[in-house]
Number of protein chains: 2
Amino acid sequence: MDEFLQSFKIIINEKIYVKDPESTDLGKKIIEQSILLIHEIGIEKFTFKKLGVVIGSNESSVYRYFENKHKLLLYLTSWYWSWVEYKLVFSTNNITKSKKRLTIAIENITMSIEEDSTFSHINEVILHKIVINEYSKSYLTKEVDIENKNGYFVIYKRLISRLSMMISDYNPEYAFPSSLASTVLEGSLHQFFLKEHFPTLTDCHEPQSPTQYFTQLVLKTLK
Amino acid sequence: MDEFLQSFKIIINEKIYVKDPESTDLGKKIIEQSILLIHEIGIEKFTFKKLGVVIGSNESSVYRYFENKHKLLLYLTSWYWSWVEYKLVFSTNNITKSKKRLTIAIENITMSIEEDSTFSHINEVILHKIVINEYSKSYLTKEVDIENKNGYFVIYKRLISRLSMMISDYNPEYAFPSSLASTVLEGSLHQFFLKEHFPTLTDCHEPQSPTQYFTQLVLKTLK
DNA sequence: CAAATGTAATAGTAATACTATTATAATTCG
DNA sequence: CGAATTATAATAGTATTACTATTACATTTG
């Protein structure tokens, strides 16, 4: 599957960027290094100036690709959700039993990313950590409704909607499929965060994992 | 209970502020108006300069009370969690049946705040909305571990721990009481946000509510 | 009523986010 | 081939923000 994925390009809403970063070497460098730098210093302290230094280029060159750092964050997180969606669709394809399909989906959404694999210039392990620490900030803004209308969150919403449908397939009677799907997705990011910074607020320590917690939670709730 | 609460002062960790805002009129005005202004323009665009204008005072006067806007946010959210904790402890007191106690606790934590009541200068309805939109930003930072050590999140953690204990009381066998407690608390904020901005991702629309969703989720999971 | 303290205003600085303009390199096409 | 066009990047800014140092004024206290 890893090599298979390499023959695809993840397509991101064109409105998010000024110039497609996948189209040039500098663009790819911007993606590669911004992931490392945002992870290192956090989105608040991240600036295009600092990024310019590490990519050996100028601040203003970055502005050719992204309007501002918020859009860059949207790009990176959209890429991440798109990657997860791809893995989810691929691994649940042709699985006819609704329970099996649902557990595979939960696994895909809640699992910790272990190794950087498919895309040469994107480190998925670190990108996952960025999503854990910064994703909420991309929608907890005053501009969320306009940006939502512009389609900046389509991939994220589609992913939740896929999980929601699998929940309803498994138990058509259940009244909160969308809420449960969004809880699993957002909740797993939160559990990873707690594990790291507020360990007493979670039970997902080795050998336990968010995947086990949420799989049990969903199956018991839907029974 | 409302009048009863008025005879108490909610105590916030002294390290969060430079000078206790409850100790002066200006301090109370800072709290009152910052709640309204942060709600109106969001924490990113909120500045002490803008706050100075609405409280009819100077930017620098605000710095006498809070080091920066991040600390002010920590103060406001700590106050909120403290208020919720008080209501929770009060309403579950003397309830001996573990199931009843648990459902009351979930109700307190997940319910939507309807009216501004107890404290003259603090609007709890709007403060709840600030918590929904801004709370995650107060811990999704690079400084979280130091600030946690300084005790800036004690009330929040104590609240989750209370719920966690009630979960274990109801079902001592359950393996994820803390994870479930943190999911309920964080998840309910998230469901309120979705209801407002991503309505397709939640089922908590009238007459349904996050309280119903989470009460059912917890009881089914613990059965 | 003088000293001490509390409170607030003025006037800054450093850093950040972003932009306008110019320079240089690469490509296209007659 | 070489002029015109376009792509790309660097320079040099500006406006805003977050925060600080200093001074001025007001209030309290012994």
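The analysis underlying the following values was restricted to heavy atoms, covering all of them including side chains, and did not include hydrogens, waters or symmetry mates. Every chain is numbered from 1 and lettered A, B, ... according to where its sequence line falls, protein lines coming before strand lines. Small disclaimer: the values here were computed from a predicted structure and weren't measured.
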- request: Would you mind reporting whether B:H121 and B:I31 have side-chain heavy atoms less than 4.5 Å apart?
  value: yes
- request: May I have the step-by-step check of ring-ring contact (aromatic ring centres under 6.0 Å, His included) for B:F193 and A:Y139, ending in yes or no?
  value: CA-CA 10 Å; B:F193 180 84; A:Y139 60 78; 5.2 Å; yes
message: Less than 4.5 Å apart, side chain to side chain, heavy atoms only: is that true for A:I109 and A:F214?
response: no
field: For atom CG of B:L72 and atom C1' of D:dA18, their distance in whole Å
entry: 14 Å
- prompt: Are the aromatic rings of A:Y213 and B:F176 close, with centres under 6.0 Å apart?
  reply: yes
statement: To the nearest angstrom, the CG-C1' distance between A:L26 and C:dA26 comes to 15 Å
- request: Ignoring backbone atoms, establish whether B:T24 has a side-chain N or O less than 4.0 Å from OP1 or OP2 of C:dG6.
  value: no
- prompt: How does each nucleotide of nucleotides 16-23 of chain C score, in 5' to 3' order, for protein heavy atoms under 4.0 Å: base (B), sugar-phosphate only (S), or none (-)?
  reply: SBBB-B--
message: Hydrogens and angles aside, do A:S178 and A:S164 bring a side-chain donor and acceptor to less than 3.5 Å of each other?
response: yes
query: Between B:F66 and B:F48, is the ring centre distance below 6.0 Å?
result: no
- prompt: NA contact type, A:F66, heavy-atom cut-off 4.0 Å: base, sugar-phosphate, or nothing?
  reply: nothing
